[in-house]
Amino acid sequence: MPKASLNKKERLKSRKEIDFLFKEGKSFPLTPFRVYYRIKPSAESSTAISLQAGVGVSSRNFKKAVDRNRIKRLSREAYRIQKQPLLDSLVTVNKEMRLFVIYTGRELPQFELVKEKFTIILKRLQTLVHENNTPAS
RNA sequence: ACUACAAACCGGGUUAUCGCUCUUCUUUUAAAGGAAGGGAGGAAAGUCUGGACAGCACAGAGCAUUGCACCGGUGAAUAGCCGGGUCUUGUGAAAGCAAGAACAGAUAGUGCCACAGAAAAUAACUGCCUGUUCUUUCUUCGGAAAGGGCAGGUGAGGAUGAAAACGUGAGGUAAGAGCUCACGAUUAUUACUGGUAACAGUAAUAGUGGGUAAACCUUGCAUGCUGAAACGCCACGUAUACCAUCGCUUAAGGGUGACUCGCCCGAUGAUGGAGGGUAGGCGGAUUGAUUCUGAUAUGCAAAUAUCAGAACAGAUAAAUGAUAGCCACCUGGGAAACCGGGGACAGAAUCCGGCUUAUAGGUUUGUAGUAUUU
RNA sequence: GGCCCGUUCGUCUAAGGGCUAGGACACCACCCUUUCACGGUGGUGAUACGGGUUCGAAUCCCGUACGGGCUA
């Protein structure tokens, strides 16, 4: 049964992983956001967690902690609701993905906007997964 | 009733769906699932302060550094709070009222005080007066006047300035001066009275040497340093490795994190260089000088004591959320039904006390003003 | 989380508490040139903000805002 959850296991938490993602991973911009991602074949030992994600906001653009928290919460919410198709396709091609989304805009967004943008982001990631899959197989 | 100011308090509620975190219970080999309950502020902020707590191989002393600076109380402690004193400012005829104070010392010393002004500080210059002498002029031949020099007296006058060696008036004098007197201002000491004290009042005596210590400084008091990324434990990994220097026995050097003495450490060594590894978990860590409410007692108050009751988050790339509706509040349109809009400042990060700053709107109390009614 | 430093014309900077806050580049006007550039003359333009100390603050002190650095 698919669940729209986002608990500790599905979040990207390790500092080491995140540093590696910024250093080695690929990225693309999408107007208020910038997306860092890395796709690799899933190892046999690692269990079930095929998609980990995190969000971030620069304190340079938003000085108040209230605004940063708000954006991160909205982003997480939008991701949580819409992530299921991406997860399904990752499972089918037997790969895992690390994902980090940074908000680069300068104004506080509405939830509608964030939701729309995440729809586009996740669709693009889904196509990327399939592109990578075709030459591999 | 309205307006303004000050202080204190509050800082929306609820339902549904989806979701996060912690605790307890439970199903289960485990992973995972289920149930119940808890889950952001008055400032969580600024990091301005005081502690708790922890570590530093901390005997101790000196001297720095830094901070504080009227008195009493309070408290774990403070630059906080409460009460009082003094000064300044505003208002007022005054009494008073309100606000503010970094309110020790300028007679320990050093420095500075632009421009202006004679002079910005042991008083010089100019001026005034007395004596003496020189020159010139006048002369009734005794002297007189003017100018200059020397000696002495004096600190009144000298356009300024933020500030000029107590102020005003009178006497006094060759000229003058607190030199004397009256009134007033102010400082110190002593005595008495009141007060725990700061201090106030009265009297006497001696004075009147500018300002600046948020200039250096002096005095008194306090102060070791570093801060939870502290620190302890477990796991992983590694190296009694390489290079250079010193040294192999009373010694290089290191520690005591400002310094000096002193003390301590010091040979499978020490320091430096270059390089490598790890950066996961648990504790610290969430209930403590705790907060709130009520009662009693002490106190002007801050606050304290006793009793009773209630409350108290714990994340770690970092939870406390999203969407929709209803109610309450404010507001625009409308006679009404109703339709539309709005909700501040702001997000825990070891924990407490205080200060400072931000804050839509609401409630209460006090003060002042205006209007109306009785 | 903790510690520390800074803020002067549009930009880079100077100024022992004291004269109208100085200079360079830039900008504007005029002169020079057939014109542009160069050059010359003149001008506009600032002490982050709010208080305090002082006769007098860019400077000294306090608070606020903003910016920057260090920190296993």
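Below, chains carry the letters A, B, ... as their sequence lines are ordered, and counting in each starts from 1.
One distance of note links CG of A:Leu86 with NZ of A:Lys123; it measures 12.5 Å at 0.5 Å rounding. Atoms CZ and OH, on A:Arg98 and A:Tyr37 in that order, are 15.5 Å from each other to the nearest 0.5 Å.
With a glycosidic angle no further than 90° from 0, B:G178 counts as syn. For B:G42, the base adopts the syn conformation, since its glycosidic angle falls within 90 degrees of zero. Base orientation at B:G314 is anti, since its O4'-C1' glycosidic dihedral falls outside 90° of 0.
Across all strands shown, B:U226 forms a Watson-Crick or G-U wobble pair with B:A54, both key distances being under 3.5 Å. Pair check for C:G1 finds C:U71; Watson-Crick or G-U wobble, both atom distances under 3.5 Å. The partner of B:U196, taking Watson-Crick or G-U wobble pairs whose two distances both stay under 3.5 Å, does not exist in any strand shown. Base pairing of B:C183 is made with B:G167, judged by Watson-Crick or G-U wobble geometry with both donor-acceptor distances under 3.5 Å. Figure legend. B:A77 is base-paired to no nucleotide; pairs are counted as Watson-Crick or G-U wobble with both atom distances under 3.5 Å. Taking a pair to require two hydrogen-bonding distances under 3.5 Å in either a Watson-Crick or a G-U wobble arrangement, B:U290 pairs with B:A311. With a cut-off of 3.5 Å on both Watson-Crick or G-U wobble distances, the partner of B:G210 is given as B:C113. Summarising the base pairing, B:G237 is matched to no nucleotide, lacking a Watson-Crick or G-U wobble pair whose two defining distances lie under 3.5 Å.
For A:Arg68 and B:A346, the CZ to C1' distance is 13 Å, given to the nearest whole Å.
Distance noted for atom C1' between B:C2 and B:U290: 45 Å (whole Å). Nucleotides B:C312 and B:C20 are separated by 25 Å at their P atoms, to the nearest Å. Only the P atoms considered, B:G161 is 42 Å distant from C:U64, to the nearest whole Å. One C1' atom belongs to C:C62, the other to C:G69, and the distance between them is 25 Å to the nearest Å. Taking atom C1' on both C:U11 and C:G2, the two are 36 Å apart, rounded to the nearest angstrom. Across B:A8 and B:A54, the matching C1' atoms stand 40 Å from one another, rounded to whole Å. Look at the P atom in both B:U89 and B:G152: the space between them is 49 Å, to the nearest Å. When the P atom is compared between B:G171 and B:G142, the two are found 43 Å apart, to the nearest whole Å.
Remark on RNA chain B: of its neighbouring residues A:Val55 and A:Val66, the 5'-side contact belongs to A:Val55, judged by nearest-heavy-atom nucleotide.
Residues A:Val57 and A:Val66 are members of separate hydrophobic clusters, defined by side-chain heavy-atom contacts under 4.5 angstrom among Ile, Leu, Val, Met, Phe, Trp and Tyr. A:Leu113 and A:Ile71 fall into different hydrophobic clusters, defined by Ile, Leu, Val, Met, Phe, Trp and Tyr side-chain heavy atoms under 4.5 Å apart, directly or through other members.
For the pair A:Glu112 and A:Lys115, the salt-bridge criterion is not met [side-chain N within less than 4.0 Å of a carboxylate O].
Here the closest heavy-atom approach between residue A:Val101 and residue A:Phe118 is recorded as CG1-CZ, 4.1 Å.
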Taking protein heavy atoms under 4.0 Å as touching, what does nucleotides 319-326 of chain B look like 5' to 3' if B marks base contact, S marks sugar-phosphate-only contact and - marks none? SBBSS---
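Under the side chain to side chain donor-acceptor pair (under 3.5 Å) criterion, A:Gln82 pairs with A:Thr119, not counting sequence neighbours.
By the 6.0 Å and 45° rule, A:Arg124 stacks over the aromatic ring of A:Phe28.
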